[in-house]
Every structure is written in structure tokens, then in C-alpha cells.
Protein chains: 2
Amino acid sequence: MEQILPHLDSVFSIDCVLFGFDGKELKILLIERNEEPFKDWWALPGNIVGADESLDQSAARILYELTGLRGIYMEQYYAFGDPGRHPQGRVITLAYYALIRLGGDKDLRPVSTYAKQANWLPITSLPKLAFDHQKIYDKGLEKIKRRIKHQPIAFELLPEKFTLTQLQHVYELVLGKKLDKRNFRKKIVSFGVLKELDEKQKGVSYRAATLYKFDKRKYAKLFGKEISF
Amino acid sequence: MEQILPHLDSVFSIDCVLFGFDGKELKILLIERNEEPFKDWWALPGNIVGADESLDQSAARILYELTGLRGIYMEQYYAFGDPGRHPQGRVITLAYYALIRLGGDKDLRPVSTYAKQANWLPITSLPKLAFDHQKIYDKGLEKIKRRIKHQPIAFELLPEKFTLTQLQHVYELVLGKKLDKRNFRKKIVSFGVLKELDEKQKGVSYRAATLYKFDKRKYAKLFGKEISF
DNA sequence: TTACTTAGTGTAGAAAATACACACTATATT
DNA sequence: AATATAGTGTGTATTTTCTACACTAAGTAA
């Protein structure tokens, strides 16, 4: 019901779990707070939703301010609003995750005002997080696991051209388990959204792998179909 | 980021898509508004989140006030917050769906203050809805479709004891398609969460079907496993 | 007793999932 | 030039799951 519009003392924010892949590890972007509460703790980046912003815009803005990146794949996944989750009052927060390819140079321009530093930390060794951010992160990882099994979002973590081994590696890191190489290739190729290029990997000291691209057109046609790993 | 706690002119509400099954049709509970905006329109039931309530509690309260029911399966599924979604100001709303068995007697005690009436309407012929509630409903149905394919939530819509035909019927209504009887039975039984009772349906004018119960223990053990229809 | 209505059951063929091992190729090293 | 190294790339047989499909059994009503 929405006909009553009182002035309430609650705050609505967005927090983001920004997943990044640098070719080796899966990481998330954390900031080290320089204000109370939780001064000197690591926290997920977040902010208050602006008055004229949609929720998605707000999430995109947070990401942009922190990294300078735009057009990144982001997805809203859950709202956290326990009365006790923020020591200084009622803050309801909406969580987004994003998938980002790291390892150009542009991936992170460190951030202003409310943080000492911002850093990509591997998900295999995360510090204690401020507020209920551990819970928010856990749920984000769970959601992304489920999503990657059914839709080809793994591409968002890779450069435009990638090898099948790199793609498999992303799946393994997100799902947290090893996959069989031959079966993986069979399945991902049969899904029909990969375009094999006439181009090979460079700068490796072993047999160079064929590069592939993700074919967005073909994917759009398939919409609704699902893979599963 | 959450160290700033300004007093913002935005309102945070919860709206609920309450799915009910009466043995025949899948319905949702709508209320007819008696105040502007959207006076005389049908809308999803909802309310402002109370200061000391968790989000889940708030959703449960809305449901309780409307129907007198407690302990109902509810799930948060998406936040809607476009700046223009409410004509009188910024209202961010969090959507929940619930699954309810209808057809005892207790299912609905109609509601007070802000509504002329509340009614269970079949999803096959819904009226135009107030605000962006059509969008909220659509997304809710989509979520529930996906969920029912993977987890046995269909039980929540049925009485404690039910026949396999009833169960199949629920699946067909939610998924919006016919299922093969033999294949359905094979799969649902092999999932291993049904308990066959020594009891038959009563009061039918044809061969009585065997009754089943949902075995929550077995389900807990299987957690993580998935069916798919 | 008969007619009616729904319950309940099996199988064969197709498709998908899994398990599994070796030869190829590019580079680096001696 | 020969060799070591490290990752690429490929096929098949087996098992499991999915799909399509039709009749008999049981109970009730007339």
C-alpha cells in the first residue's frame, strides 16, 4: 500500500559485490573505511540512492565512481534490512553484483572521500567485513553460482577474445569445482554462442590456443534456453 | 557505504504477490483501493516497513493483517524503485511472493482501512493494476516458475494430504503447460520427498486416489538437489 | 449390470551426461 | 639439432535422464 507518504527516518542504500577476474583469480573490490562505524574495516562499496536515480542507475553510478567503468553487467539480487544491521540507525540496503574483466589498466582508479583505499582481494582470502557484508557477499556468490550454471554470464569476466581454457577456468572458480575439459568444451560449444576466430593466443611458451568470441546475436536468439554444468 | 545517515524524503514499502490455490485455480489476492492515487483500482497488498521490523517480518505482518494467516512460505524477490513509479513521491518497494493453500474457511478475512475490498482473483483474468503492480506481479510469477522447477515449493499450495493429480495440477498451472502424467509421477516420486499414505481421497464420485504427504525431513537431507520439469 | 470417470502403471527410443587417455604443437633449454 | 616442457585439442563407450505413448483397474452413479 502506498497512498501514505510519511517522512520516515530510514535510509535506503545500495551495496555492490564487484566480481573481477584477472586471468588467474576471482576477486572482489573492497574498500577500507576511514570513518566510524567500522573505521579501518573492509567493506563492500555502496552508497545512498539518489533522489532521481533508478536503482540500476544508482548501482551503475557507484561502480563508475569507484572504477571509472561503465556498461558493466550488474544485477540486483537481494535486499538486506534487519533493524540491527547498522549501528547508527535503520539502513535498508539493496545488493547488486557486477562482473568485471580486470587486467587492462583501467580497472581501478582508487577512490575518494569515505575510503582509505580500495582494493581487489581474492575471494579465497577475504578479510572480516564490516556490517553484515559477509552475509551480503555470501548470498551474492550463491546467486552468481546459480546464474552462471544457466546463462552464459561468464563472458562478462573475460576479455573480448578468450580461449576455452580461460572460460573453463572462470567456471571452475565460480562453481568451486573442477570440470572435465572435453565435456566442458562439448557443452559450451553446443550451446552455440561461441564464435571461433582465425586467431591464436600470443606470448605463451607452449602451443597457442584458438581464440573465441561471445556471439551476442546468437545468444539473443536462444533466450530462455539454459545450459547446466 | 553507510556512514552517512541523512534524513531522506523517500519511503520504503513492501508489496506482496500472494498466490493461492483452491484446488482448481491459481489466484492472487488483490485489494481495491479507496484512496487516491489509483482510487478504485486493484492493487497488490502492501505497506510501509515498520521501524523495528525486519523485512521478512514486515511481509509476514502484511499477510497476517490481511488474511489472519501465519507461518506462510514467503520469499523476497525483487526491489522496484523507479523514481516515477509513484505519482506522489519516491517510494521504493520490495516485492515478496507467498504461497497459500485456500479453501478451508480461514483463508481470507477481508481488510480494513485503506481498501474497499480484498479478493482472490484468478491469474488468468486479472484486472488492470495500480502503480507498476503489473510489472511486480509478472516478475513474481516468473520467479515462482523458476523456483518451482527446482525446489518442491508446490506443496505450500496444497493441503497437508494431497493426491498426485492435485500436485501435477499445481505444476501445470504455475508453469502454464500440460505435463505427462506418467513422467510427472516418475520424476516427483524419484525425487524422494513424498510419503505415500495408507489413505484415500474421500467424497469423490470415482475411483479414489491415494493421498500423499510432503516429507520435510527427507527434503532437508536432499538440500541442494534439484528437480526440473 | 452397465456406463462413466479418474487412478495408476511400463517400455522403448532418443538425447544428454559422464568417465576417461593420448597425440599434437609451440616454445625454451641444452 | 635434439629434447624437455606445458598446455591444446580430440572421440567413444556407458550410464542416466527425457520423452512419447495407451490401456487396465477401481470406484460411483444410474
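Any value given below was found using the heavy atoms of this structure, including those in side chains, with hydrogens, waters and symmetry copies removed. Below, read A as the first sequence line, B as the second, and so on, with proteins coming before strands; counting in each chain starts at 1. The structure presented is a predicted model; accordingly, all values stated were derived computationally and were not measured.
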Enquirer: Rounded to whole angstroms, how far apart are CD1 on B:I188 and P on D:dT17?
Expert: 15 Å
Enquirer: Within a 6.0 Å radius of atom NZ on B:K149, are there more than 12 heavy atoms belonging to other residues, nucleotides or ligands?
Expert: no
Enquirer: Rounded to whole angstroms, how far apart are NZ on A:K149 and P on C:dA17?
Expert: 13 Å
Enquirer: Test B:T163 against B:K200 for side chain to side chain contact (heavy atoms under 4.5 Å, CB included), laying out the working first.
Expert: CA-CA 9 Å; B:T163 69; B:K200 304 249 161 188; over 6 Å; no
Enquirer: Between protein and nucleic acid, restricted to nucleotides 26-30 of chain C and to nitrogen or oxygen atoms under 3.5 Å apart, what atom pairs and distances do you find?
Expert:
none

Enquirer: May I have the distance from B:Q201 (atom CD) to D:dG27 (atom P), rounded to whole angstrom?
Expert: 12 Å
Enquirer: Which word best sums up how the rings of B:Y137 and B:F19 line up, parallel for under 30°, tilted for 30 to 60°, or perpendicular for over 60°?
Expert: tilted
Enquirer: Give A:K186 one of three labels, base, sugar-phosphate or nothing, depending on what nucleic acid heavy atoms sit under 4.0 Å from its own.
Expert: base
Enquirer: Reckon A:T210 has a side-chain N or O less than 4.0 Å from the OP1 or OP2 of D:dT8?
Expert: no
Enquirer: Take atom NZ of A:K213 as the centre, draw a 6.0 Å sphere, and report whether it contains more than 12 heavy atoms from other residues, nucleotides or ligands.
Expert: no
Enquirer: Check the side chains of B:S54 and A:D82 for a donor-acceptor pair under 3.5 angstrom, ignoring hydrogens and angles.
Expert: no
Enquirer: Set out, in order, the CA-CA distance, both residues' side-chain angles and the distance that settles side-chain hydrogen bond (donor to acceptor under 3.5 Å, both in side chains) for B:T165 and B:R185, then state yes or no.
Expert: CA-CA 9 Å; B:T165 302; B:R185 286 172 181 234; 3.3 Å; yes
Enquirer: Is it possible for you to check whether A:K187 lies under 6.0 Å from the centre of the six-membered ring of A:F229, through NZ or CZ, and within 45° of that ring's axis?
Expert: yes
Enquirer: If I take atom CZ in residue B:F184 and atom C1' in nucleotide C:dG10, what distance separates them, rounded to the nearest angstrom?
Expert: 18 Å
Enquirer: Just to be sure I understand the geometry, which residues of residues 153-183 of chain A put a non-hydrogen atom under 4.0 Å away from DNA chain D?
Expert: A:T165, A:K181, A:R182
Enquirer: Quickly work out the B:E226 CD to D:dT16 P distance and round it to whole Å.
Expert: 20 Å
Enquirer: What is the distance from CD1 of A:I227 to P of C:dA17, rounded to the nearest Å?
Expert: 11 Å
Enquirer: Within a reach of under 6.0 Å around NZ of B:K161, are more than 12 heavy atoms found that belong to other residues, nucleotides or ligands?
Expert: no
Enquirer: Strictly distance-based, threshold 3.5 Å: is any side-chain N or O of A:Q166 a donor or acceptor partner for the main-chain N or O of A:L158?
Expert: no
Enquirer: Nearest-Å distance, NZ (A:K187) to C1' (D:dG11)?
Expert: 17 Å
